[in-house]
Asker: 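Below is the structure I would like to discuss, written out as structure tokens.
Every number for a ligand or one of its atoms is a count from 1 in the order of the listing.
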Amino acid sequence: MDRVYLDYAATTPMDPIAVKVMLPFFSTDFGNPSSLHYFGQQNETAVENARKSFLKMMGSVEYELVFTSGGTESDNLAIKGLFNPNIPLSGQKILISPVEHPAITNTCELLERQFGVIIDKLRVDNNGIIDLDDLQTRIDNTVSVVSVIWGNNEIGTINDVEKIASICREKGVPFHTDAVQAAAYLDINLEKSDIALVSFGAHKFYGPKGVGGLLKRKTIKLIPQNVGGSQENGLRAGTQNVPLIVGMQAAYELAIHHRKMVNEHLIKLRDMVIHEVVKNIPGTYLTGHPTQRLPNHASFVFEGVRGQDLVIGLDMAGFAVSSGSACKVGNPSPSEVLIAIGISENLAQGALRVTVGKNTNESEVRDFLKALINLVKELRKG
Ligand SMILES: *Cc1c(COP(=O)(O)O)cnc(C)c1O
């Protein structure tokens with residue numbers, strides 16, 4: 001069976017050019033970047049060139065870049081690393097949106113259980129857009145960090161993180177954004193930015209899994225979470241994974257180079273999915289913002305069907321999609337993100353996420369739409 005992959009928000013295949021760039025670093029060019037000899041220096045140069053390249057591509061003269069094991073670790077480092085030494089932990093607040101990835105929400109909840117840190121959640125509208133007035137009234141000097149996701153993994157909504165960042169900076173509170181979904185599609189340019197920290201991960205932009213980065217404004221103090229050697233300017237101990245870092249650099253350079261063209265292609269396919277699904281399947285609603293959304297991202301809720309049944313049925317028909325959250329088979333609890341944007345618990349069970357990629361073509365999308373329309377009909381018959 002020819003299988004069609006429509007789950008590019010979960011992960012992407014590596015660009016073959018990025019794979020090729022990595023290969024020597026697994027074998028001939030294997031040195032430890034911390035070693036003083038030739039083998040070490042060759043690898044240190046590769047890592048530092050990658051760092052310089054990222055800082056340049058992201059316009060971030062005022063920033064430093066910490067290489068991590070991916071989006072999750074970057075999110076953990078940003079949230080756990082930002083405590084205000086002048087206030088006891090139990091008096092500190094973390095201000096987040098109610099539509100964050102579990103890498104943020106579960107990190108905050110751990111800090112709440114461990115140290116009594118207070119989690120405060122911002123108001124969002126039905127599209128998942130942050131209420132800026134609410135931010136203005138809630139932010140004060142007991143807040144150690146504000147964190148809002150840039151491009152939403154479940155509902156595709158893009159938040160205006162620059163506006164949020166400037167409010168935070170005015171109040172002297174560091175603002176972090178999870179740009180793991182956004183990095184492939186949106187221009188991360190920190191040249192005139194008020195954003196303090198940005199997380200990203202390579203496998204969402206056709207790079208390798210298990211590597212990512214945290215950009216941090218140089219003036220922000222961060223408590224390291226991994227201690228040992230002095231790698232990454234003391235902010236993340238452990239020998240750098242050189243092959244993955246150079247693979248991530250190549251993937252991001254390619255992503256930026258082709259971005260405009262790829263985005264146009266993705267938007268066309270995305271809008272075709274949205275338009276056809278809503279037109280042909282009654283009792284179907286788009287989730288997230290209708291226009292201010294990731295170029296490759298379509299997400300829905302369906303009345304009278306369960307998302308997991310759709311995912312399984314479509315998989316049997318050869319199409320790989322997602323129900324949009326960590327909602328696994330046998331776990332009926334609905335997505336907190338969908339509840340936060342005002343969708344009922346019942347309707348939230350019928351969530352489906354379709355995310356296209358640079359290799360997706362129109363005929364695959366047409367075949368998928370046929371399969372989906374038939375499957376929904378069948379499931380509703382019961
Ligand atoms: C995938 C994802 C993460 C986790 O990144 P990993 O590199 O897989 O650890 C975090 N946040 C968002 C928004 C994501 O989409």
Side-chain angles (χ1 to χ4, degrees), residues 5-14 18 54 65-80 96-110 124 128 130 145 147-159 161 164 175-186 188 195 197-215 225-226 236 238 241 244-245 247-249 251-252 255 266 287-289 293-299 320-328 335-338 340-341 351 353-357:
Y5 185 81
L6 296 170
D7 199 12
Y8 285 83
T11 195
T12 57
M14 270 197 75
F54 270 102
L65 172 58
V66 183
F67 288 123
T68 66
S69 66
T72 301
E73 188 190 329
S74 298
D75 284 348
N76 269 263
L77 179 55
I79 301 291
K80 292 177 183 166
I96 59 174
S97 86
V99 293
E100 294 302 302
H101 186 276
I104 296 291
T105 45
N106 288 342
T107 300
C108 295
E109 279 168 25
L110 178 68
V124 290
I130 303 303
V145 56
S147 188
V148 174
I149 191 165
W150 194 334
N152 195 285
N153 53 301
E154 267 188 71
I155 56 173
T157 298
I158 297 168
N159 258 292
V161 287
I164 300 169
F175 172 69
H176 166 258
T177 184
D178 175 334
V180 180
Q181 289 292 334
Y185 314 103
L186 309 181
I188 299 182
I195 300 173
L197 304 117
V198 181
S199 297
F200 61 91
H203 75 100
K204 305 286 171 72
F205 53 77
Y206 303 87
K209 293 173 181 61
V211 65
L214 179 66
L215 281 158
Q225 301 301 307
N226 226 31
R236 202 270 191 179
N241 196 327
L244 298 192
I245 289 170
M248 171 166 75
Q249 174 194 358
Y252 196 69
L266 297 175
T287 56
H289 200 283
R293 62 186 302 132
L294 292 167
N296 72 326
H297 194 295
S299 55
V321 294
S322 153
S323 64
S325 76
C327 187
K328 295 194 200 80
S335 147
E336 284 171 35
V337 170
L338 295 181
I341 59 167
R353 181 183 73 185
V354 184
T355 45
V356 294

Asker: Hydrogens and angles aside, do Glu336 and Thr105 bring a side-chain donor and acceptor to less than 3.5 Å of each other?
Answerer: no

Asker: Which label fits Phe54 and Phe67: parallel for a plane angle under 30°, tilted from 30 to 60°, or perpendicular past 60°?
Answerer: perpendicular

Asker: I'd like to check the side-chain contact (heavy atoms from CB on, under 4.5 Å) partners of Ala351; sequence neighbours left out, ordered by chain and number.
Answerer: Val301, Leu338

Asker: Going by the rule salt bridge (Lys or Arg N to Asp or Glu O under 4.0 Å), which residues pair with Glu73 if we only count those two or more places apart in sequence or in a different chain?
Answerer: Arg236

Asker: Show the protein residues that qualify under the rule heavy atom under 4.0 Å from an atom of ligand 1, listing them in chain and number order.
Answerer: Gly70, Gly71, Thr72, Asp75, His101, Ile149, Asn153, Asp178, Val180, Gln181, His203, Lys204

Asker: Does Asn296 reach the side chain of Val356, with side-chain heavy atoms less than 4.5 Å apart?
Answerer: yes

Asker: Only counting residues at least two apart or in another chain, list the ones meeting salt bridge (Lys or Arg N to Asp or Glu O under 4.0 Å) with Arg293.
Answerer: none

